[in-house]
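A quick write-up on the structure given underneath.
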Amino acid sequence: MQTVETLNEGLKRAYTVTITSKDIDARVEKEVMAIAPQVRMPGFRPGKVPANLVKKMHGEALQRDALNNSIQESVQKLIADQKLRPAMQPSVELDEGFEFGKDAELKVELEVLPEIAAPSIEGLKLERLTVEVADAQIEEAAGRIATQQGALEEHGEGHKAQDGDTLVIDFVGKVDGEAFEGGSAQDIRLKLGSGQFIPGFEEQLTGVAKGEEKTIEVTFPEDYGAEHLAGKAATFDVTVKSVLDGDKPKLDDEFAKSLGLEGLDQLKDLLKGQIEQEHNGLTRTYMKRKLLDQLAASHDFDVPPSMVEAEFQQIWAQLQHEASHEEDPEAALKEMEAEKEDYRAIAVRRVRLGLLLSEIGQANGVTVSDQEMNRLIMQAAQQYGPQDRERFVQYVRQDPMAAAQLRAPLYEDKVVDFLFDKAEVTDRAVSREELEAAIEADDSDLKPHVHGPDCGHDHHDHDHAEKPKAKKAAPKKAAAPAEEAPVAEPKAEEAAEAAPAKPKKAAPKKAAEGEAVAEKKPAAKKAPAKKAEAKAE
């Protein structure tokens, strides 16, 4: 293999690589000898078919394979010999005039990662905004659960039901004095004013009290879903069993036990822990943004244009998607166009920070252990059905790209945690509202993708978890919180064959009770030559 550098400008490199016909022919002969023992041909004993006949039978296929393998190995050797760190998949093109029996000349173009001086991590200062969990927050959270579960306090004796109250009722529906199928139910909950039942039903129950029996008269709508009832007059004999206060959830030990807990205190302890986790997540988001601000301010270096373009295209595609759901999509798109360069600057910053975090992690021995990786794989496999989980696990273990993409978010978190430990951190107590406002006001939500060890990814295929939003605000607020970790997905064409598809969850069916009443509402991937197969044909 002969190599000539034809371009060395900034981060761009180009080479001409010549693979001699002798090398290609030698590879073909080697493959012939390897497969000859397995070839079967009439008139010859197994394994005794002459090499020249094997070559005649399979020559074209062997030549194509030999050429492609030679190209792949040559590109990998070029990268190793020149000590290159490709930023993206190299572009490899076979000379149009190539014919078998002649030397193969390749044009290899790529961008390399920049040489980053030892990142400065001294002198980092961060403020940690902390939020105490108030009793009122716990009560509110418990109340939401109770309301969702239908656990409401009962009004006192004699209370007259009004809008907002929830009735527990039995009813029997009749048409022409005869009960009809599907028109009877027991222990049905009906919130007055909700419009849940056909017109006129709820209104006639306003003012009823617990224990009261009442017959109401209604007419089914002409467009009612059940044709045999549409437009018909009907009566309903209603028994009011309870009148519940829709604004007062029932919070007691009995309710907590209905959830499988020991009592209300245990429920509150669990809710307190959940709220603390939410607060800690918000605190981390704020600290991470401030950390990235300091790193960005103290480091500046050129970044590969192809990586920036790939990042920008992802931002832009998401913005277009968001804009399409605005009240005035055309206006939103027009505003985006006016701020296009601002979004491109965001892409530059994201790429630079990603490379910087990777460099910091590698320089300081930050790694993801095998145990941690196994846990990531098993967690990700849970999104598939039992019959597909093993296929997914094998896919990730065998594909360095898929493994690197799965590893990336955890690697990033570990680098950030390392920097948190190195920083001088001061604490300040704030309210949750103040913390959320501080995050919203922070313009530095420019999420990097960490290009960690063995990342081995094709950046065109990244699907970062961050999602810029096409809001009518300053462009820098377009991105989602910096705490969201980037998740790069396997290439579509590879994943379609190797990984199982996600199963869709069926929507739960609604109960039919009372139906008649209710309204029907890694290492760099091998680079195949663009034209090798076409010419080989």
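It should be emphasised that the depicted structure is a prediction, and the values quoted were computed from it without experimental measurement.
The local environment of CG in Asp135 is sparse, with at most 12 non-hydrogen atoms from other residues, nucleotides or ligands closer than 6.0 Å. Heavy atoms from other residues, nucleotides or ligands lying under 6.0 Å from CD of Glu337 number more than 12. The number of heavy-atom neighbours closer than 6.0 Å to CD of Glu178, taken from other residues, nucleotides and ligands shown, is 12 or below.
Annotation: side chain of Ile188 is not in contact with side chain of Val168 (no heavy-atom distance under 4.5 Å). Residues Thr239 and Lys214 are not in side-chain contact: their nearest non-hydrogen atoms beyond the backbone lie 4.5 Å or more apart. Using a 4.5 Å heavy-atom cutoff, the side chains of Phe197 and Val218 are not in contact. Annotation: side chain of Lys160 is not in contact with side chain of Val208 (no heavy-atom distance under 4.5 Å). Side-chain contact between Lys232 and Thr219: absent, with no pair of heavy atoms (C-beta onward) separated by less than 4.5 Å. Contact annotation: the side chain of Glu433 never approaches that of Leu435 to less than 4.5 Å [non-hydrogen atoms, C-beta and beyond]. Residues Leu261 and Leu270 meet the side-chain proximity criterion, which asks for heavy atoms closer than 4.5 Å. The shortest side-chain heavy-atom distance between His159 and Lys210 does not fall under the 4.5 Å cut-off.
With 3.5 Å as the limit, one finds a donor-acceptor pair spanning the side chains of Asp237 and Thr215. Judged purely by distance below 3.5 Å, without hydrogens or angles, the side chains of Glu322 and Gln318 pair a donor atom with an acceptor atom. In this structure, a donor-acceptor pair under 3.5 Å is absent between the side chains of Gln274 and Glu278. Judged purely by distance below 3.5 Å, without hydrogens or angles, the side chains of Glu111 and Ser306 pair a donor atom with an acceptor atom.
Although no hydrogens or angles enter the test, the distance criterion places a donor-acceptor pair under 3.5 Å between the side chain of Glu372 and the main chain of Ser369. Although no hydrogens or angles enter the test, the distance criterion places a donor-acceptor pair under 3.5 Å between the side chain of Glu434 and the main chain of Ser431. Proximity of a side-chain donor or acceptor of Glu335 to a complementary backbone N or O of Ala332 within less than 3.5 Å is not detected. Without hydrogens or angle criteria, Ser358 side chain to Gly354 main chain gives no donor-acceptor distance under 3.5 Å. A donor-acceptor distance shorter than 3.5 angstrom exists from the side chain of Gln204 to the backbone of Glu217, with no hydrogens or angles considered. The main-chain N or O of Gly193 is found under 3.5 Å from a side-chain atom of Glu202 such that the two form a donor-acceptor pair.
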Stepwise salt bridge (Lys or Arg N to Asp or Glu O under 4.0 Å) test for Arg284 and Asp417 | CA-CA 10 Å; Arg284 181 184 172 84; Asp417 287 338; 2.6 Å; yes

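Rounding to the nearest 0.5 Å places CG of Asp163 at 8.5 Å from CD of Glu203. Interatomic distance, CD1 of Ile439 versus OG1 of Thr283, reported as 7.5 Å (0.5 Å rounding). Within the model, atoms CG of Asn280 and CE of Met287 stand 11.0 Å from one another, a figure rounded to the nearest 0.5 Å. For the atom pair Gln186 CD and Ile169 CD1, the distance stands at 11.5 Å (nearest 0.5 Å). Note that CG of Leu292 is 13.0 Å distant from CZ of Arg352, once rounded to the nearest 0.5 Å. Interatomic distance, CD of Glu132 versus CD of Glu276, reported as 8.0 Å (0.5 Å rounding).
Using a 4.0 Å cut-off between charged nitrogen and carboxylate oxygen, Glu213 and Lys241 do not count as a salt-bridge pair. With respect to the salt-bridge test (charged N to carboxylate O, under 4.0 angstrom), the residues Arg375 and Asp370 do not qualify. Ion pairing of Asp165 with Lys191 is absent here, as no side-chain N (NZ or NE/NH1/NH2) approaches a carboxylate O to less than 4.0 Å. With salt bridges taken as basic N to acidic carboxylate O contacts below 4.0 Å, none links Lys334 and Asp328. Residues Arg391 and Asp388 are paired through a salt bridge, judged by an N-O separation under 4.0 Å between the basic side chain and the carboxylate.
Aromatic pair Phe236/Phe201: ring centres closer than 6.0 Å.
Judged by the 6.0 Å and 45° rule, Arg389 forms no cation-pi pair with Tyr384.
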